[in-house]
There are 2 protein chains.
Amino acid sequence: MSTQNIYDDPKFFEGYSRLPRSESGLSAVYEWPAFQRLLPASLRGARVLDLGCGFGYVAREARARGARHVIGVDLSERMLAAARAVTHDDGIEYVHAALEDYAPEAGAFDLVVSSLALHYIADYPALVRKVAACLVDGGRFAFSVEHPIFTAHGSADWYYGAQGDRLHWPVDRYRDEGERRTNWFVDGVVKYHRTIESYVTGLLQAGLCLVRLEEPEAEAAQLAEHPEWRDERRRPPFLLMAAMKAMPA
Amino acid sequence: MSTQNIYDDPKFFEGYSRLPRSESGLSAVYEWPAFQRLLPASLRGARVLDLGCGFGYVAREARARGARHVIGVDLSERMLAAARAVTHDDGIEYVHAALEDYAPEAGAFDLVVSSLALHYIADYPALVRKVAACLVDGGRFAFSVEHPIFTAHGSADWYYGAQGDRLHWPVDRYRDEGERRTNWFVDGVVKYHRTIESYVTGLLQAGLCLVRLEEPEAEAAQLAEHPEWRDERRRPPFLLMAAMKAMPA
């Protein structure tokens, strides 16, 4: 299978780069308050792997919180170039690779994070097995994806009434896992829909133990700045999970 | 809060009693193949608690598989009377109680099951804490509920096109947990919608470890008999989970 690299499409990159989360970083990210709850209490001394690091915001945040070393992996050369341009830190290493091809060292990381990247990956169970193998015992995997409720139907949009009002969110084809082509800055962006069952089962079958699952809504402070995020309560845009290698004591 | 006992409403009971799952038992139950996957490999010698046992099908099945003792708890006197009428087994005890009021002995059960009952319970976290307390270490809790995708909107029905065709399943009010009143044999049946996050978090916060999550579709053999179940693939009707007290070794 060929690996989609939509982020290096000039038109896509231009659009994506103008998103608040691209321009302003984590403070403008809807799910960042929830994502932080997935992380261990302290990152001091941690070796961190960021799968789909994009502009490197999480990598730099991890270093700011005391991580010893961070490797950020991304398929997009444009995003990595932008990340490198604003990173002045020997503790961060950016690696240009498809997540499917990247081969991390076994037992080399205390924390693996991935923000909104795994719904681009066709073989999620294989990726999770790789994550589990590269974690130390007691290490943690924390990730976000587009929610299966969001991706199932394929339109990636509300169902509208005659007056253009948002009637509800349509769900269909829930058990039909696989490609969903949407138009997002450019035509035919390929994402993969899978069920919550598959997201959870992939973790458990890789020997990980689920420690948290969130379907976050925006917090009050965020809504003050982004009132349009209120509708996200009506159906969850993102699914976040944290899992540990071996059981916490 | 008052406990709803819709199953003893004569009109509801009459309608419910004519469902295939009521008349024909587990072989006619859509989610039974998946539910069995939640159970331990062997029930031999197990002490089992069935919360919302209804007509007692699961209780009798557990005994047939070698369970030592089964307690079935239900709020409906009519269902318990029907269960008792077909049960000739000193190893099964039926208890008439609301699940919220029933106080099981601590550490008394190897397995707690609950089939499509917990979406009638307002305080799910409290119920799960009670389940966790009555399990032995290594014991298991296996349950099914109406899926949050199914319950969120509140109509409990497809969204239809002009020709009466099923366009899709509507999702709305996902983060608005609480009562949903539907018409099911009678008007105003109260069920509780909660998020998948809440279903999972309740288990984890009670000290249980998630071992399985399923959003089952019908199997081929079932579809041969019930072709109308094909549409259930389009959105999951049920959510099934199994959790253990303490980590499997």
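Given the structure is predicted, the values throughout are model-derived calculations rather than measurements.
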Distance alone, cut at 3.5 Å: any donor-acceptor contact between the side chains of Tyr174(A) and Glu215(B)? yes

Kindly indicate, with the supporting measurements, whether the criterion side-chain contact (heavy atoms from CB on, under 4.5 Å) is fulfilled by Glu31(B) and Arg21(B). CA-CA 10 Å; Glu31(B) 73 280 12; Arg21(B) 66 174 62 215; 2.9 Å; yes

Go through the atoms of Leu204(A) and report whether side chain, backbone, both or neither lie under 4.5 Å from a heavy atom of chain B. side chain

Residue Ile196(A) versus chain B: region with a heavy atom under 4.5 Å: both

With a 4.0 Å cut-off, would you call Glu219(A) and Arg37(A) a salt bridge? yes

Tell me, side chain or backbone of [X] under 4.5 Å from chain A's heavy atoms, or both, or neither?
X         : value
Asp176(B) : both
Leu239(B) : neither
Leu167(B) : both

Would you mind telling me which of Glu214(A), Arg212(A), Arg235(A), Gln205(A) has the largest number of heavy-atom pairs within less than 4.5 Å of chain B? Glu214(A)

Using the ring of each side chain (for Trp, its six-membered ring), is Phe150(B) parallel, tilted or perpendicular to Trp169(B), with breaks at 30° and 60°? parallel

Students often mix this up, so state it plainly: with edges at 30° and 60°, are the rings of His168(B) and Tyr159(B) parallel, tilted or perpendicular? parallel

Do you know the tightest heavy-atom contact between Arg140(B) and Ala242(B)? NH1-CB, 4.2 Å

Taking every heavy-atom pair that is under 4.5 Å apart, which of Arg166(B), His153(B), Arg173(B) has the most such pairs with chain A? Arg173(B)

Looking at Val200(B), Ile149(B), Thr201(B), which one has more heavy-atom pairs under 4.5 Å with chain A than the rest? Ile149(B)

